[in-house]
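Notes follow the structure.
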Amino acid sequence: MGGLTFSNMPEPVLIAEALGGIILLLSYLALHQVLPLPASFSGAFAATILLIVGLIIMLPAAIVMMWRTAKAMAPELFNLSEKSSPGEKHDADH
């Protein structure tokens with residue numbers, strides 16, 4: 001199994017993940033009215049918008065991590081396993 005680390009992730013995906021985390025933190029602060037926002041964009045409405053935007057920004061990183069995990073766990077599904085050639089050893093019972 002190859003080494004799955006964050007350093008192997010594409011840089012734009014890592015940046016999007018960090019930005020999404022920051023936006024989720026801002027959503028929490030907006031919900032608890034710690035973050036000073038304009039009156040027209042405050043409270044639960046701002047927190048909801050920031051939460052949705054933060055999650056959407058974090059989706060590419062989640063997709064890349066799930067894709068890489070699936071490829072590592074089931075390489076046969078992605079045609080990554082080594083296939084035996086017809087002349088190689090076979091089981092005598094089959």
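These values consider heavy atoms only, across backbone and side chains, with no hydrogens, waters or symmetry-generated copies.
Linking Ile, Leu, Val, Met, Phe, Trp and Tyr whenever their side-chain heavy atoms come within less than 4.5 Å puts I49 and L25 in one cluster. Transitive grouping of hydrophobic side chains (ILVMFWY, heavy atoms separated by less than 4.5 Å) keeps I52 and M58 in distinct clusters. I56 and I15 are assigned to two separate hydrophobic clusters, defined by single-linkage of ILVMFWY side chains at heavy-atom distances under 4.5 Å.
Note on residues 42-69: pairs passing ring-ring contact (aromatic ring centres under 6.0 Å, His included), not counting sequence neighbours, are F41-F45, W67-F78.
Of the residues listed (L51, L29, L50), the one engaging L24 in a side-chain contact (heavy atoms from CB on, under 4.5 Å) is L51, and it is the only one.
Between A61 and E17, the shortest heavy-atom contact is CB-OE1, 2.8 Å. Considering all non-hydrogen atoms of both residues, I57 and P60 come closest at O-CD, 3.2 Å. For A44 against L31, the heavy-atom pair with the smallest separation is CA-CD1, 4.2 Å. Nearest heavy atoms, A46 versus A30: CB-CB, 4.5 Å.
Interatomic distance, M66 CE to L59 CG, rounded to the nearest 0.5 Å: 8.0 Å.
Within the 4.5 Å cutoff, side-chain heavy atoms of P10 are placed close to those of V13.
A distance-only check finds no donor-acceptor pair linking the side chain of S27 to the backbone of I23 [under 3.5 Å].
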